[in-house]
Amino acid sequence: MIKLRETDKILVLTTLLLVVTGIIMVYSSSYIMAMKRFGDEYLFVKKHLTFTVVGLLSFVAAMLVPYRVYRKLVYPILVISIILLSLVFVGGIGVEVSGARRWINLGFINFQPSEVAKLAIVIFLAYSLEAKEKSIKTFFPGLLPHIIIPLIPVVLIFMEPDFGTAMVLIAVTFIM
């Protein structure tokens, strides 16, 4: 079990500050429309809070998992993210909104697989860059796999099309 003193308190506080700021922004930007259309000025805030609670619980759960576990799950997470990104193109599974197929319908919610891909690429690069620390200055096997492997989800995300998420993944890949 993770101990409080082992956590990065600045990271946790920064995350909580961003969450609170997000809630305030959702309310300030949507309360008039929510009141006019739905008769409840807090409608969008309530929805946002629901997802915020799920996100914070996921954040805490991820903190409780020892990082060694993530090492074992690197390739399964990466493969699952690529499969999920491919499923958005399958009729009946992928949901098209405004000409973009970015979501998978889970019945009670639409799920965006590119969010899993973001996590998968960060975990893969962290694992792989550490494992290939000695050869990182060489083109192959040091640099090339760290460009080619993240390129697979990036291309699938471009095909959805979701240019913004693809650019974020490209930036994260090169920053890491």
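This structure is a prediction, so every number in the text was calculated from the model and none was measured. The figures here come from the full heavy-atom set of this structure, side chains too, leaving out hydrogens, waters and symmetry mates.
- Note that the CG atom of Leu16 and the OG1 atom of Thr21 stand 10.5 Å from one another [nearest 0.5 Å].
- Going from atom OG1 of Thr15 over to atom CD1 of Ile10 covers 11.5 Å, rounded to the nearest 0.5 Å.
- Hydrophobic cluster membership is shared by Ile148 and Ile170, with clusters built from Ile, Leu, Val, Met, Phe, Trp and Tyr side chains linked at under 4.5 angstrom.
- Aromatic rings of Tyr31 and Tyr42 (six-membered ring for Trp) have centroids beyond the 6.0 Å cut-off, not under it.
- Every pair passing salt bridge (Lys or Arg N to Asp or Glu O under 4.0 Å) that includes a residue from residues 81-98 is listed here, sequence neighbours excluded: Glu96-Arg101.
- Contacts of Ala131 classified as side-chain contact (heavy atoms from CB on, under 4.5 Å), with partners at least two apart in sequence or in another chain: none.
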**Prompt:** How far apart are the C-alpha atoms of His146 and Ser128, what are their side-chain angles, what is the distance that settles it, and do they pass the side-chain hydrogen bond (donor to acceptor under 3.5 Å, both in side chains) test?
**Reply:** CA-CA 8 Å; His146 301 106; Ser128 185; 2.7 Å; yes
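- Annotation: side chain of Arg102 is not in contact with side chain of Val97 (no heavy-atom distance under 4.5 Å).
- Residues Leu106 and Ile104 have side chains in contact (heavy-atom distance under 4.5 Å, counting atoms from C-beta outward).
- To the nearest 0.5 Å, atom CG of residue Leu85 and atom CD1 of residue Ile157 are 5.0 Å apart.
- To the nearest 0.5 Å, atom CZ of residue Arg71 and atom CG of residue Leu73 are 12.5 Å apart.
- Leu119 and Leu57 fall into different hydrophobic clusters, where Ile, Leu, Val, Met, Phe, Trp and Tyr residues are linked whenever their side-chain heavy atoms come under 4.5 Å apart, directly or through other members.
- In this structure, Met35 and Asp40 have side chains that are not in contact, with every pair of non-hydrogen atoms separated by 4.5 Å or more.
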